[in-house]
Amino acid sequence: MRWKRISIEIISILFIVLWVYAGLSKLFDYQNFKFQLGRSPYVQHMAGFVAVALPLGELIIAVLLVFTRTRLLGLYLSFFTMLLFTGYIYIMLHYSYFIPCSCGGILSEMGWDTHLVFNVVFTILALVAILLSGKLYFRKFLPQTAS
Amino acid sequence: MKKQLIIIGILFMAAAGVLMALNLASDAPNKGKNGFNRKFISDAIVSSEKAAYKNIFMTICGWDDKYIYYSCMVPGRIYRSGYDMKALDTLKLDLPEIHKLVPLFNTFVNYPDISITGGNARVVIIGDLRQNTYKAYNVDTLFSAGFTSGGSSFVMKTINKEKFYMAFVKYDTAQKHVSTILEPFGDLPDAFFNYDGKLIYDQLSGKYVYVTFYGNSIITFDTSLNVDYRARTIDTINNPLSSAAHLGNGITHGAPPVHVNNEITSDGKFIYVYANLQADNEQDDNAGYHIDLYQITDGQYSGSFYLPKHNADPLVALKHLKGNTLLALHKKQVIKYTLKDLAALSK
């Protein structure tokens with residue numbers, strides 16, 4: 001199904017752009033990003049680790065999405081990461097006792113509510129791409145089972 | 001497809017698990033015992049009434065015998081409602097154009113007088129609502145909150161820019177002159193941030209009342225900035241749960257600050273403090289908003305009651321009006337409470 005393949009590729013390109021932009025902007029503004037994480041009630045004690053691991057993780061996911069063999073793994077990781085980000089924003093908006101800003105680049109211009117909507121949309125896009133994929137591309141990463 | 005759905009389900013649960021772990025590991029207040037008890041006043045609220053209008057306001061900026069006045073994000077507009085809370089009048093103010101007045105400004109109505117202080121704009125506007133005339137005065141000191149006690153003098157919360165410690169000043173707009181300075185926390189650096197709080201003027205007692213957000217300090221002083229007394233709120237947080245960080249030209253929170261006290265109001269006899277921390281003798285952290293009462297004469301704790309919570313619509317402002325009326329501004333609605341006579345609690 002050609003439309004499925006094109007849809008998956010478009011969604012993958014969107015995520016590649018998103019992860020590269022978010023990852024690089026956090027790395028280029030590392031000190032400020034780390035400082036902002038230190039003001040988050042939920043990650044303040046891990047700010048140093050998250051400030052390095054998160055942008056590197058985003059760039060690794062972008063690389064995985066580039067290649068067909070690892071694309072589905074990249075989509076699963078994109079879905080998981082977007083779930084985390086979406087859930088984090090939700091608990092910040094509804095349960096947090098303090099709301100700072102620790103976003104990257106153009107996303108820092110968004111308010112928290114807009115950011116939540118943006119994240120939900122991208123989470124759904126990742127889910128759609130996974131469901132459209134139809135087969136597991138990374139069989140080599142899983143134990144072989146009798147079909 | 002089945003395997004994909006299983007993996008999606010596993011990822012969903014893993015993400016939920018991570019978020020739950022982050023929530024458990026956070027330093028949110030009220031996770032453990034706070035080391036104090038509350039003394040509850042039985043049946044403090046006699047009745048309540050919801051306003052017919054929605055909340056479109058920034059805060060409650062004044063009241064008199066007939067009306068309640070609200071400010072909004074537009075400095076040139078205030079709203080007025082009768083105590084029946086049914087209709088809302090819009091009062092448009094012919095203010096002079098002031099650069100950077102929004103968003104940091106305070107409006108204070110003592111009809112027909114009105115004053116608007118703008119911290120970023122460094123301006124004070126004094127006006128007459130009956131005549132709809134206003135005059136702006138430039139202020140040559142940095143400040144974040146200011147109130148008039150009458151005439152052309154204002155008491156303002158300001159900052160020593162070199163050392164970042166807090167001061168209250170009495171500023172005469174006509175003379176353009178700071179006449180008195182009070183440094184309530186001495187020369188503690190970063191006190192402007194760490195000892196940040198709410199300043200109000202109690203018209204009935206003629207006192208200024210200041211309660212810190214991140215610690216348990218109460219300070220009252222008169223219009224000449226003579227300290228009346230220093231007291232403590234009932235929680236046990238002596239040192240501010242906040243830290244300041246200096247960034248370039250600015251200063252901001254270096255770690256997530258924990259609000260101990262949120263909002264205050266007064267009625268000439270009591271200071272009402274909307275407090276955040278749960279007492280050890282409270283079981284249900286959703287029972288309501290804690291309102292703690294302190295004698296305005298000496299800051300002694302007199303008792304507490306709850307204001308009801310309303311479906312995740314947070315309480316943002318409080319104002320004690322005439323008689324036993326307490327007005328609560330939530331994010332989406334305004335509620336008027338009639339309290340029982342608390343005079344027996346006052347000394």
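For the numbers below, each heavy atom of this structure counts, side chains included, while hydrogens, waters and symmetry mates do not. Each chain gets a letter, A, B and so on, in the order its sequence line appears, and its residues count up from 1.
- Only the side chain of A/Leu127 has a heavy atom closer than 4.5 Å to any heavy atom of chain B.
- For A/His94, no part sits under 4.5 Å from any heavy atom of chain B, backbone or side chain.
- Both the backbone and the side chain of A/Tyr97 come within less than 4.5 Å of a heavy atom in chain B.
- A distance of 11.0 Å separates CG in A/Leu132 from CG in A/Leu72, rounded to the nearest 0.5 Å.
- In this structure, the side chain of B/Tyr294 engages the main chain of B/Ile234 through a donor-acceptor pair within 3.5 Å.
- Looking at B/Ala14, the atoms closer than 4.5 Å to chain A (heavy atoms on both sides) sit in the backbone and in the side chain alike.
- For A/Phe118 and A/Phe122, the ring centers sit closer than 6.0 Å to each other.
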TODO: Under the ring pair (Phe, Tyr, Trp, His ring centres under 6.0 Å) rule, what do B/Tyr214 and B/His259 come out as? Steps first, then yes or no, please.
DONE: CA-CA 5 Å; B/Tyr214 313 122; B/His259 267 77; 5.2 Å; yes
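- In terms of non-hydrogen atom pairs under 4.5 Å with chain A, the most contact-rich of B/Pro257, B/Ala255, B/Pro314 is B/Pro257.
- When heavy atoms are compared at a cutoff of 4.5 Å, B/Leu5 approaches chain A solely by way of its side chain, counted from C-beta outward.
- Of the listed residues (B/Ala25, B/Ala21, B/Gly254), the greatest number of heavy-atom pairs within a distance under 4.5 Å of chain A belongs to B/Gly254.
- With B/Tyr289 as the aromatic partner, B/Lys309 meets the cation-pi criteria of under 6.0 angstrom to the ring centre and within 45 degrees of the ring axis.
- A/Leu125 places a side-chain heavy atom less than 4.5 Å from the side chain of A/Phe15.
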